[in-house]
Each structure stands twice: as C-alpha cells, then as structure tokens.
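Report on one structure; see the data block that follows.
Lettering follows sequence order; numbering is per chain, from 1.
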Protein chains: 2
Amino acid sequence: MDSEVAKSHPSNSIRRPFSGLSCSICENGSCLIKRNYTALSESDLPYEKNNIRCKKGHQFIMEGAPVNGLFFVLKGKVKVFRTGINGREQIVRFAKEGEIIGHRGFGTEEYYSIGAIALEDTLLCYFSKSSLQKALYKTPEFTYDMMLFYANELNRSESKVKSLSQMTVRERVIDTLLYINRKFGENKGFLNVVLSRKEYADYAGTTEEQVIRIFSILKKEHLIIAKGKRIGINNIELLKKEISEHNYFLDS
Amino acid sequence: MDSEVAKSHPSNSIRRPFSGLSCSICENGSCLIKRNYTALSESDLPYEKNNIRCKKGHQFIMEGAPVNGLFFVLKGKVKVFRTGINGREQIVRFAKEGEIIGHRGFGTEEYYSIGAIALEDTLLCYFSKSSLQKALYKTPEFTYDMMLFYANELNRSESKVKSLSQMTVRERVIDTLLYINRKFGENKGFLNVVLSRKEYADYAGTTEEQVIRIFSILKKEHLIIAKGKRIGINNIELLKKEISEHNYFLDS
DNA sequence: TATGGAAACTGCGTTTTTGTAGTTTTTTGC
DNA sequence: GCAAAAAACTACAAAAACGCAGTTTCCATA
C-alpha cells in the first residue's frame, strides 16, 4: 500500500506527510519507521531516541523557544495556541494522532510562534530540523507532500480569516463546534474531547461569557446538549445549515 | 548570483520561487526564462505563450473557475479577494511584481477560491499546472522553495487571524496601513498605491464608514495625512508602537 | 475649466459584543 | 463521599462597532 501511494507522486490527492508512521511501532520502545517514501533510508530520517510522553496539561512547546525540529503526534490530543494581547490566549488549532506540530516554525522562523499543550496523556515523536532537511533534500516526493500539507493548512487558515471577519459570534461558536466534531468525532452522543468554555472562546475568537450565553441559547433551541463540560451536538444538520453560506473548510 | 543561491539549497533563507524570472525579459516579447534552478531545462518549465496584459480593473481570476495553473506577476499591482456573506468582499492579500497569484488553488483544490483584479495596468505570466508539476517533480530545490513560500504565507495568514480576533477596529486599520506601506512603499510622502476606503475596510475586516471615521481621527492626531484618495503616513513609529504588542508578521 | 457621478465624510440611532460582579453547579483531590 | 476549588452560569451596564441618510468633496472627462 505504501509503495503504491508513493508511486502516484505528482498528484492532487490530500496525503499528509508522515502518514506512513504508525503509532503502534513507536509505542513498544524500539521504533522502526514504516515509510511512505521508498527512497528514504534509516540514516536519512533517523528515529530520534526521544519519544516524549506528555501528561495531560503538559506544555511541550513554549512560545519563543528556538526551533530545533518538529513533533509528530503518535497518540493523544493537543491544543496549539499563541498568547496575544493582554495575555489573551488564541487557539490556533487542535491536533490529534497522525498530525504534525511545530511545522509553522520549520519554514523560516527561528523561534516557535506558538505553544502546544497536551489535552490528555499524549505520545509524541520528535524529528530534528537537520534530519528533516536531509530527508527533504533527498526525497522530492516527501518535499512535495510537505508542500501540499502547508498549502492545505493555508487554506484552513484563510477560511478562518474569513469566518472571523464576516461571521457573528454565534456563527463562529457554531463553526467551532462543527470543527471540533470533525476533528475529534463523537462518543455516545458527546464530543470526543473535553474543552472548557474558555477554550471554545479562544478558538472562536470571543469571550468565555459569550460562549456560555450562546451555548445556553443553543440548548434552549435543542441544537446541542450539555452535561457539565461535555457537549453533545443534537442537530448537526441545522447547525451546518446556519453557516452554510460560509464555505468552511473541511479539516478532519 | 543565481547559481550561488541555488547551491545553498536546504537552508532557511526566505527565497521566493520564481525569483529568478525577470520582468524585463518577458516584456520584450520573446521570453527567455532566467532560472534559479539549474536542473530545469526549457522543456521542464516551458514559457507559456500567453503572457497576459491586464488593464486596470480587469479581473483575471474568477472565483469558482477551474484551476489550470498559476500566475506570476511581472509588473503591476493586484488585489486578491473572495466574496463572503451578503456579497461582502474580503481582501485576502495584495500582490506586486515578483509574486505568485492563484497558488492556493494549486495544492488540492480544483477551483479557485479567490478572485484577482489588477489595481493598475499589469503584466502577468501564466504557468500551466501540468508544466509546474513536472518541474516540481524533477527539481527538489524548486519544490523546497515552494514549500517555504507556502509556509511563509501560512505565517502571514495566521498573523491575520490573530489580529482579527484580538485587535480593535482602530488597530486593524493601522495594521492595514502598515501592511500597505511595507508592501508597496511610499512615493513623495504618500503610499505608493491608491485604494478606496472600502478596499482598506475589506482588508481590515470592517466597514467603509469605520475606516473613514478612523482615518479622520488619525488625521486629527497628525499620524497620517490624506489628499483625496492618497494616504500618507506621518508618524510611522507611533503607529507601529500602538500595535507593537501584537507581533505582526513582516510581509514586504 | 465646467460638470456629473463617484467617493469621502458626518451625525445619530441601533445592534452587537464585551466586561463586571455575584450565584450556582460541577469537578477534583483527599 | 466530602470539602475546597474551579468552572459554569446569569443579569445588567458599558463600550464598541455598525448602518442609514444626508452632505460635501473629489476626480475623470467632455
């Protein structure tokens, strides 16, 4: 399967770099990287010894720290944020198993412009900048995939620019709920991740009180349900319809 | 010089793809592409016959049109936008000589999510998707540069997300003025591009009236001057200072 | 340089969003 | 399971942003 994907190279299929890295392999201590890229040998993209286990709440990337490489999420959930005006937190995105963290700093910046915190116990794999550059240099397929990955992230980011500049707060909160739903899915009728109202606000670009107010209204309208911190989406079709004019970008 | 840049390949220097294409060459009819990428031959990235001359106000990319390639701005100024809610226009970015237009659609989308209009008489060079993919496939350096270019755009876009979600309208308008100043520069004390108040608003994510109101205030505070549509920045240090907490990303 | 149309401007009322402060509910650690 | 702490909630007041409608200024063109 891997080789088949690799062969189809210059294509428009959305394929995430590192999609060939399998979690189970790294979990059992000795890590052999299952590769998409047949041209890569062990020495090109060596497995770095420091697989990192993060407890819930641990911040493993600090804003402003020098960029030495990037993280690959093997297992768990992560929030990526930056600190804004008056220390107000801006959540850039959420990440789960199979995604890359810290790639924004890879291109041109010397220091991380974001911080990253584990939302639950999380297993990470770390790749140094130098080993990545070696791999990129040697493997056009890999570089091409990285390019597409960035292009995709750019689309998602621009979609957010649009929503922030044109949607009402209510719409942005709904948009956030749908994003979380796409990203983490549901479990027994509730979103498969527990976030505080403030975290919803920090992603939606508003305040905690606004989120609380709008959640209250949505509950009265039977569009969502809330049991404490756990939120469930009752009528996803109506929610989608409400923001359908605004073509939000699918980012599962 | 070109070959020296090309040799330094896996580096973090910000180098725009196509930076080796020189405007003067294309202007005189017969176009020989001056290349950064020594590995590329004429057949890899052929010069497409349709160099396009756009009159001021001409829209050369329509939203929703199929993506067949991308445009390289040889000369002139362009605004890139998308139409949002209630037909409200959202200006995504401005582009000048040496920049790429339509690259967002290149990655994974089949249709342009943006439109592009020439702000003045503009000369464009068009590259088809297929010839680009061939060139990308063959030339890791080129792909790497494209990757960095996307990474850069991503940073700029995320910076905008931050400003939209955390700045006041006044701050966003100032931010826009500084962006225009960085992008197009000044000429005899005035910004080197003429935009309507509505265009400033569409970039800042607010309304025409707000821009007018804030321009009035800034004039009274002697921070800017306005002679009709032409805007000049009087005290750039104070303006920068006002939004200095918010690390806006330099995008010249 | 006169003129018609477009853009810029202003004041004011309305709506939306935010902030404060105090109460209730939920979560967490022992 | 209990108590303390944290988070969620509510009502109200304040601030920010918006939209309309009418006026003035600018600018391209005849």
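- Donor-acceptor pairing under 3.5 Å, judged by distance alone, is absent between the side chain of Arg88(B) and the base of dG19(D).
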**Request:** List the steps, then state whether side-chain contact (heavy atoms from CB on, under 4.5 Å) holds for Lys160(A) with Arg93(A).
**Result:** CA-CA 10 Å; Lys160(A) 203 173 174 189; Arg93(A) 61 188 263 259; over 6 Å; no
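- A perpendicular orientation is assigned to the rings of Tyr200(A) and Phe215(A), their planes being inclined by more than 60° (bins at 30° and 60°).
- Here dC9(D) is the nucleotide among dT10(C), dT18(C), dC9(D) with the atom lying nearest to any side-chain atom of Ser216(A).
- Considering only side-chain N and O atoms, Lys219(B) lies under 4.0 angstrom from the phosphate OP1 or OP2 of dC9(C).
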**Chi angles and distances behind the salt bridge (charged side-chain N to carboxylate O under 4.0 Å, His left out) call for Arg197(B), Glu208(B)** = CA-CA 6 Å; Arg197(B) 305 293 194 264; Glu208(B) 187 181 348; over 6 Å; no
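- Distance from the side chain of Glu209(B) is smallest to dT10(C) among dC18(D), dA8(D), dT10(C).
- Of the candidate nucleotides dA8(D), dT18(C), dT10(C), dT18(C) has the atom nearest to the side chain of Val169(A).
- Residues Gly228(B) and Ser165(B) each lie close to DNA chain C; by heavy-atom proximity, the contact nearer the 5' end of the strand is made by Gly228(B).
- The side chain of Gln210(B) places no N or O atom within less than 4.0 Å of a non-bridging phosphate oxygen (OP1 or OP2) of dA17(D).
- Side chain of Thr207(B), nearest nucleotide from dC18(D), dG19(C), dC9(D): dC18(D).
- Per the geometry, CD1 belonging to Ile217(B) stands 10 Å off P belonging to dT10(C), to the nearest Å.
- When rounded to the nearest whole Å, the span between CD of Glu199(A) and P of dA6(D) equals 15 Å.
- Here the options are Lys198(B), Arg82(B), Lys79(B), the test is side-chain contact (heavy atoms from CB on, under 4.5 Å), and the partner is Ile91(B); only Lys79(B) passes.
- Following rounding to the nearest Å, Arg230(B) (CZ) and dA8(C) (P) show an atom-to-atom distance of 14 Å.
- Look at Lys229(A) and you won't find any side-chain N or O under 4.0 angstrom from OP1 or OP2 of dA6(D).
- Remark: Arg197(A) is in phosphate contact with dC9(D), judged by side-chain N or O atoms under 4.0 Å from OP1 or OP2.
- Here Thr206(B) reaches the OP1 or OP2 of dC18(D): one of its side-chain N or O atoms lies under 4.0 Å away.
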